[in-house]
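Note that these values count all heavy atoms, side chains included, but never hydrogens, waters or copies made by symmetry.
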Amino acid sequence: MSDSSPTSSPAPAPVPASGTAGRPAVVLDIWCELQCPDCRTALDDLRALRERYGDRLEPRLRHFPLEKHKHAFAAAQAAEEALEQGQGWPYIEAVLGRAEELDRGGEPLLVEIARELGLDAEEFDTALIDGRHILIVDADQAEGKAIGVTGTPTYVIGGERLDGGKSQEGLRERIEEIADRLLAEQV
């Protein structure tokens, strides 16, 4: 999953980024799990990065559901359905905001959140049953494992992997350093 803004709908990951004046945006891949409290905390950093860089930075949410959270895989699939319905980031933020509740509420909560956002809740329910988004989630997870992702959130920018699962402290500043360097190289 990809996005040009944590407050707008994500676009599929393979779509090339387009920054200001036709220059490509710097891509920030974020391996995330929607039951992860650290990922919820990371939203503040993503908002700040988006505010600073606008369309010069393309945050792309990548799914990395962890086995310790029994509804994370379903939540990743639901996020893909929200993307298809044009409300990817609002849905992701809503689910992350209720991560603790998701452990108790499971898939019915995912559908309820969709309904609350005005999305087609019946289609969410059907998507979770028929598994139409499983391949996207599996591909993200496989790619994450291949590059050494072990926890969430994990960021990749400019070929550098930054592990936010251990601590978010200093990561936004490091991402800014790398983004500034990459943007300066484009000029």
Side-chain angles (χ1 to χ4, degrees), residues 1-13 17 25-80 82-83 87-103 109-110 113 117 136-137 139-183:
M1 180 188 278
S2 153
D3 181 43
S4 59
S5 168
T7 58
S8 68
S9 300
V26 170
V27 174
L28 172 64
D29 282 323
I30 306 121
W31 268 267
C32 180
E33 196 242 56
L34 297 180
Q35 265 191 281
C36 172
D38 293 328
C39 291
R40 182 183 57 229
T41 302
L43 280 175
D44 290 335
D45 285 339
L46 289 175
R47 287 182 193 114
L49 289 166
R50 188 65 189 132
E51 178 82 18
R52 176 175 175 167
Y53 293 102
D55 66 357
R56 297 177 303 146
L57 181 72
E58 180 188 3
R60 297 190 312 183
L61 186 83
R62 308 297 299 276
H63 302 290
F64 202 79
L66 302 170
E67 289 182 22
K68 68 182 180 178
H69 294 130
K70 65 182 178 180
H71 301 295
F73 196 83
Q77 292 177 73
E80 286 298 319
L83 167 66
Q87 294 292 317
W89 275 105
Y91 184 82
I92 289 161
E93 289 192 24
V95 171
L96 281 170
R98 295 169 73 177
E100 292 85 14
E101 192 179 340
L102 182 55
D103 192 43
L109 178 64
L110 295 171
I113 292 170
L117 292 173
I136 294 168
V137 176
D140 276 0
Q141 192 167 40
E143 185 179 341
K145 286 179 181 177
I147 65 166
V149 173
T150 57
T152 58
T154 296
Y155 308 90
V156 175
I157 182 170
E160 189 169 337
R161 183 171 38 89
L162 306 167
D163 185 357
K166 295 182 177 119
S167 171
Q168 284 288 119
E169 190 168 331
L171 284 183
R172 185 172 85 203
E173 292 80 10
R174 182 68 186 125
I175 291 167
E176 289 172 348
E177 289 171 14
I178 296 167
D180 289 344
R181 184 189 77 231
L182 293 171
L183 289 166

Trainee: Given 3.5 Å as the limit, does a donor-acceptor pair link the side chain of W31 with the main chain of D140, or not?
Mentor: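 The answer is yes, because a donor-acceptor pair under 3.5 Å joins these two groups.
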Trainee: Is the shortest distance from a Lys or Arg side-chain nitrogen in E33 or K68 to a carboxylate oxygen in the other one below 4.0 Å?
Mentor: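 Between K68 and E33 there is no salt bridge, as every charged N stays at least 4.0 Å from the carboxylate O atoms.
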Trainee: Between P153 and D38, is any pair of side-chain heavy atoms under 4.5 Å apart?
Mentor: yes
Trainee: Look up atom CG in L49 and atom OH in Y155, then write down how far apart they are to the nearest 0.5 Å.
Mentor: 8.0 Å
Trainee: Are I157 and L57 side-chain neighbours, meaning at least one heavy-atom pair lies under 4.5 Å?
Mentor: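 Yes. Closest side-chain heavy atoms under 4.5 Å.
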Trainee: Kindly give the heavy-atom pair with the smallest separation between G158 and L182, and that separation in Å.
Mentor: CA-CD1, 3.6 Å
Trainee: Do K70 and D103 have side chains that get closer than 4.5 Å, going by heavy atoms?
Mentor: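 Yes - at least one pair of side-chain heavy atoms lies under 4.5 Å apart.
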Trainee: State the CD1-CG distance between I92 and L96, to the nearest 0.5 angstrom.
Mentor: 7.5 Å
Trainee: Just how far is it from atom NE2 of H63 to atom CG of L34, taken to the nearest 0.5 Å?
Mentor: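 Interatomic distance, H63 NE2 to L34 CG, rounded to 0.5 Å: 7.0 Å.
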Trainee: Any salt bridge linking E176 with R172? Criterion: basic side-chain nitrogen under 4.0 Å from a carboxylate oxygen.
Mentor: yes
Trainee: With heavy-atom distances below 4.5 Å as the criterion, would you say the side chains of Y53 and L183 are in contact?
Mentor: yes
Trainee: Would one find more than 12 heavy atoms of other residues, nucleotides or ligands at under 6.0 Å from atom CD of E101?
Mentor: yes
Trainee: Shortest non-hydrogen contact from L117 to Y91?
Mentor: CD1-CA, 3.5 Å
Trainee: Taking it one step at a time, do R181 and E177 satisfy side chain to side chain contact (heavy atoms under 4.5 Å, CB included)?
Mentor: CA-CA 6 Å; R181 184 189 77 231; E177 289 171 14; over 6 Å; no
Trainee: Looking at R52 and D180, does any basic side-chain N land under 4.0 Å from a carboxylate oxygen?
Mentor: yes
Trainee: Quick one: pull up CD in E173 and CG in D45 and give me the separation to the nearest 0.5 Å.
Mentor: 7.5 Å
Trainee: I need the T41 OG1 to L46 CG distance, nearest 0.5 Å.
Mentor: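 It is 11.0 Å, given to the nearest 0.5 Å.
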Trainee: Are any of the side-chain heavy atoms of E67 and F73 separated by less than 4.5 Å?
Mentor: no
Trainee: Under the criterion side chain to side chain contact (heavy atoms under 4.5 Å, CB included), which of D29, I30, D163 is the partner of T154?
Mentor: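 By the side chain to side chain contact (heavy atoms under 4.5 Å, CB included) criterion, T154 pairs with just one of D29, I30, D163: D163.
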Trainee: Does the pair R47 and E93 meet the rule for a salt bridge (Lys or Arg N to Asp or Glu O under 4.0 Å), with working shown?
Mentor: CA-CA 11 Å; R47 287 182 193 114; E93 289 192 24; 2.6 Å; yes
Trainee: Tell me the closest heavy-atom pair linking V137 and P65, and the distance in Å.
Mentor: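 Looks like CG1-CG, 3.9 Å.
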Trainee: So, taking the atom named CD in E80 and the one named CD1 in I136, what distance separates them when rounded to the nearest 0.5 Å?
Mentor: 4.0 Å
Trainee: Locate the shortest heavy-atom distance separating H71 from L102; write the atom from each residue and the value.
Mentor: CD2-O, 3.2 Å
